[in-house]
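Every heavy atom of this structure was used, including side-chain atoms; hydrogens, water molecules and symmetry mates were not. The first residue of the sequence shown is numbered 1, and numbering continues consecutively from there.
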Amino acid sequence: MTKINSYKELQDFLTKVITDNGQYDDTDGAPHGVFWKDMTYTQFTTGNVPVVGGGRLRVLIPGNPDGSTLISILKAPFGGYRRMPAVGPPFFTDDQVASVADWISRNCPEN
């Protein structure tokens, strides 16, 4: 498991996984794209992921990875969500999801 110690490290980690899978510029039609790229820490930890139709889903709940949409989507099809990316093999390994969940469980350290 990779220890993620800041929001910047999380942004870099998410981007690296997507890039390593050749999907940075083409997220298989995802309406939100690489949304974390341009979000501030506050927007990411308290805001929503834009989705088709103007709907909103909260990105995460600090301290609660199991209740966070981001983790549910990375683990899907469990939890009632469709796995991201929607097509092809999963980008995130269980170990990588655990790294993100650990950052969330530690109340999303900013720096």
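Here the closest heavy-atom approach between residue Val17 and residue Gln96 is recorded as CG2-NE2, 3.5 Å. Listed here is the closest heavy atom pair of Phe44 and Leu60: CE2-CD2, 3.4 Å. Contact record, Thr46 with Arg58: O-NE, 3.6 Å, taken as the closest heavy-atom pair.
Looking only at distances, no side-chain donor or acceptor of Ser6 sits under 3.5 Å from a matching main-chain atom of Asn111. At least one donor-acceptor pair under 3.5 Å links the side chain of Gln11 to the backbone N or O of Trp36. Between the side chain of Ser68 and the backbone N or O of Ile71 there is no donor-acceptor pair closer than 3.5 Å. Under the 3.5 Å distance criterion, the side-chain polar atoms of Trp103 are left unmatched by any main-chain donor or acceptor of Leu10. Judged purely by atom type and a 3.5 angstrom limit, Tyr7 has no side-chain atom pairing as donor or acceptor with the backbone of Thr45.
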Exercise for the section: Assess whether side chain to side chain contact (heavy atoms under 4.5 Å, CB included) is satisfied between Lys75 and Asp66, documenting all intermediate values. Expected result: CA-CA 10 Å; Lys75 286 183 170 181; Asp66 292 334; 4.2 Å; yes
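Other residues, nucleotides and ligands place more than 12 heavy atoms under 6.0 Å from the CG atom of Asn5.
Residues passing the side chain to side chain donor-acceptor pair (under 3.5 Å) test with Asp12 are Lys8, sequence neighbours excluded. Not counting sequence neighbours, Ser105 has no partner by the side chain to side chain donor-acceptor pair (under 3.5 Å) test. Contacts of Asp102 classified as side chain to side chain donor-acceptor pair (under 3.5 Å), with partners at least two apart in sequence or in another chain: Arg106.
In this structure, Phe92 and Phe13 have tilted ring planes: the angle between them lies in the 30° to 60° band.
At a threshold of 4.5 Å between non-hydrogen side-chain atoms, the residues Lys16 and Thr19 do not count as touching.
Residues Ile61 and Val97 fall into different hydrophobic clusters, defined by Ile, Leu, Val, Met, Phe, Trp and Tyr side chains chained together at heavy-atom separations under 4.5 Å.
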